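Keep in mind the model is a prediction, meaning the values are calculated, not measured.
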Amino acid sequence: MLSLRENISKIAVPFLGAHPKPSSLHHSTTSPPPYTDPTIIAKLILETDNPETLTRNFHTLANWTPHLVHNVLKRLWNHGPKALHFFNILDTHPFYAHSATGFDHAIDIAARLRDYKTVWALVARMRSRKLGPSPKTFAIIAERYVSSGKADKAVKVFLSMHEHGCSQNLNSFNAFLDVLCKSKRAEMAYKLFNIFRGRFRADTISYNIIANGFCLKKQTPRALEILKEMVERGLVPTLTTYNIMLKGYFRAGQIKEAWEFFLQMKRRKVGIDVVTYTTVVHGLGVVGEVVKARKVFDEMIGAGVLPSVATFNALIQVLCKKDNVENAVLVFEEMLRKGYTPNVTTYNVVIRGLCHAGNMDRAIEYMDKMKDDNCKPIVQTYNVVIRYYCDDGEIEKALEVFERMTGGSCLPNLDTYNILISAMFVRKRSDDLSVAGKLLIEMVDRGFLPRKFTFNRVLNGLLLTGARSLGGKLDIVKNIKSDYFFLSCEPLRYLHVAGCRWLQMKEAKAVNSDNKQLPFPFCFSLSFMQAVH
DNA sequence: TTAGGGTTAG
């Protein structure tokens, strides 16, 4: 039966539950002792439910460094609540004091959880310790606001930077424009740009950012206008400017224009570089011009520009997509022969190609081979393999890979949960549905907000199989008379009223007609339901 | 985390 990682063997950690014994600390000279290994520390945090134990152990350790803390937080990225817990434990450490980078990291995590109260509390704490906040801090906060649909809020954040003791300058202005542009808000960025370009003395970089923003939206004519304006103001385009435009044409599907632009760049001797070539190889490849892409790839060496790993990745990817995986593997091997070291992206591309060709076993082989090149599968690697197993109906194998993920200390992300939960509905087995329920609980625990669709599906599935409770954490109460369901999946509560929709309730309190709080599970009065609205 | 090239899916 599926254990869903409940039975993962506990790793031996020397300081778990007791003070470290000095004699046992230096048993290994080849690998670093466990208490300096961020992976082992992250595992310990994930597996320890007792906060006092963690606090005691972490406070007795004296070897914390910003670098170590950073690496631990990185590994806990997909478990926001635990990451913040860890940050808070060290914040009260008798000797260790968090660095500015540590604060930025924690702020990023809190913002991703949309816990803005914590975000601003951290900003205040940072300031009181004279660690910032820096322009970087505000770029992080702005980015999170924009990506959760609060662009206006992001603008306010930028404009209020100085109130938090952080000065605005051209760099922070550009960084902020870039945040807006990368989130497809080029129009808004351009408006702001027009208001402030005089005050901050907008430069080529500012214009490049805006032009790239329009290119990301496939609005190449707009991008060109911006660049024209730039030249009229006496600023000189750089190679980056041209590369932005080139990529923009390819992205917008204007292949003829892109090719013409590339030829122009060569003719005008703007000093095309490896980025230019990589853009062309990739751009031609994705529209199926594989032969031409390969020709450009071969041409660059003659032109004295060496391909980078990214160039190989581009070629390998397009061969996988528009040609044949075997040819892609040949390029992968060619790359090795030439002395290049593949990176995670290289492996991800090859693995995806193999999966797509139905060659799952070889995909797994490549996943195992990654460690030869000193890289480890990342969450995207696992997601690809899990997705293809699910598509093939190999649910057990998908779950095996999922379990292996945690064993390799890689935390699942929102995609992973969405892929797996969807897959739990194909076989229509009640066992699968309870796995879906457990996955749902787990993702909520880890700070991911499931879509209503996901919630509906899981709940309806469980109702169909007659399940009413999953270990007390996910409970369903059905009131036949008024036809509503209640689902509690702490810390979220969803209420389904008369088949309408799920309402998410945050910090909602259930009360009866005497305004007395009811214990869970309970039945609602109608007035309460309206109050929830 | 001051700009451009590789992973993800239509």
Side-chain angles (χ1 to χ4, degrees), chain A residues 100-101 104-105 107-108 133-144 169-179 181-182 189 200 202-213 215-216 223 226-227 230 235 237-248 250-251 265 270 272-283 285-286 293 296-297 300 305 307-321 328 331-332 335 340 342-353 355-356 377-388 391 413-416 418-419:
Chain A
T101 320
D104 282 346
H105 210 143
I107 286 168
D108 201 3
S134 68
K136 185 180 157 190
T137 316
F138 286 98
I140 289 167
I141 298 172
E143 187 183 331
R144 294 294 163 202
N169 55 27
L170 178 59
N171 291 354
S172 55
F173 181 55
N174 283 345
F176 180 65
L177 292 178
D178 198 40
V179 164
C181 286
K182 296 262 165 68
F200 293 116
D203 61 357
T204 314
I205 294 178
S206 323
Y207 278 100
N208 283 349
I209 288 166
I210 302 285
N212 188 46
C215 282
L216 287 171
I226 304 295
L227 296 178
M230 171 176 109
L235 293 166
T238 62
L239 179 56
T240 300
T241 315
Y242 295 118
N243 284 340
I244 286 169
M245 242 7 263
L246 181 66
K247 178 75 190 174
F250 277 119
R251 193 184 281 114
M265 284 172 75
V270 294
I272 52 177
D273 65 357
V274 59
V275 175
T276 318
Y277 278 109
T278 305
T279 306
V280 175
V281 168
H282 186 252
V286 291
V296 172
F297 182 85
M300 63 189 290
V305 182
S308 64
V309 174
T311 320
F312 275 99
N313 293 350
L315 184 63
I316 291 171
Q317 191 211 147
V318 299
L319 289 174
C320 287
K321 277 191 173 163
V331 174
F332 179 84
M335 181 178 174
Y340 287 89
N343 61 20
V344 187
T345 305
T346 322
Y347 276 102
N348 286 350
V349 175
V350 173
I351 288 168
R352 175 172 295 106
C355 288
H356 196 75
I378 56 174
V379 64
Q380 285 86 347
T381 323
Y382 289 108
N383 287 351
V384 167
V385 176
I386 290 173
R387 182 188 301 272
Y388 277 94
D391 287 354
N413 67 9
L414 186 60
D415 286 340
T416 323
N418 285 334
I419 296 163

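For Ile140(A), taking side-chain heavy atoms from C-beta onward, the closest of the listed nucleotides dA3(B), dT7(B), dT1(B) is dT1(B). Taking only side-chain atoms of Arg387(A), from C-beta outward, the nucleotide of dT2(B), dT1(B), dA9(B) with the closest atom is dA9(B). When distances are taken from the side chain of Glu143(A) to each of dT1(B), dT7(B), dT2(B), the shortest belongs to dT1(B). Side chain of Arg251(A), nearest nucleotide from dT1(B), dG5(B), dA3(B): dG5(B). Minimum atom distance to the side chain of Asn208(A) is reached by dA3(B), of the listed dA3(B), dT1(B), dT7(B). For Ile205(A), taking side-chain heavy atoms from C-beta onward, the closest of the listed nucleotides dT1(B), dT2(B), dA9(B) is dT2(B). Closest to the side chain of Asp415(A), from the set dA3(B), dA9(B), dT2(B), is dA9(B). For Asp178(A), counting side-chain heavy atoms from C-beta on, the closest listed nucleotide (dG6(B), dG5(B), dA3(B)) is dA3(B). Minimum atom distance to the side chain of Ile209(A) is reached by dA3(B), of the listed dA3(B), dT7(B), dG6(B).
Between Ile378(A) and Asn348(A), the closest side-chain pair of non-hydrogen atoms falls below 4.5 Å.
Protein atom NZ of Lys182(A) is 11 Å distant from nucleotide atom P of dT2(B), rounded to whole Å. Spacing between atom CG of Leu235(A) and atom C1' of dA3(B) amounts to 13 Å, rounded to whole angstrom units.
Remark: the Ser308(A) side chain and the dG5(B) base include a donor-acceptor N/O pair separated by less than 3.5 Å. Residue-to-nucleotide contacts include no donor-acceptor pair under 3.5 Å from the side chain of Thr279(A) to the base of dG5(B).
Contacts of Val274(A) with the nucleic acid, taken as non-hydrogen atoms under 4.0 Å apart, include base atoms.
Between the side chains of Asp178(A) and Asn212(A), no donor-acceptor pair of N or O atoms lies under 3.5 Å. Side-chain contact, Thr101(A) with Asp104(A): no donor N or O sits under 3.5 Å from an acceptor N or O.
Shown here, dG5(B) is classed anti by the O4'-C1'-N9-C4 or O4'-C1'-N1-C2 angle, which is more than 90° from 0.
Of the side-chain N and O atoms in His282(A), one or more sit less than 4.0 angstrom from OP1 or OP2 of dT7(B). Contact annotation: Lys247(A) side-chain N/O to dA3(B) OP1/OP2 distance is not under 4.0 Å.
Residues that satisfy the salt bridge (Lys or Arg N to Asp or Glu O under 4.0 Å) test with Lys136(A), not counting sequence neighbours, are absent from this structure. Applying the salt bridge (Lys or Arg N to Asp or Glu O under 4.0 Å) rule to Asp108(A) yields the partners Arg144(A); only residues at least two apart in sequence or on another chain are considered.
Taking atom P on both dG10(B) and dG6(B), the two are 14 Å apart, rounded to the nearest angstrom.
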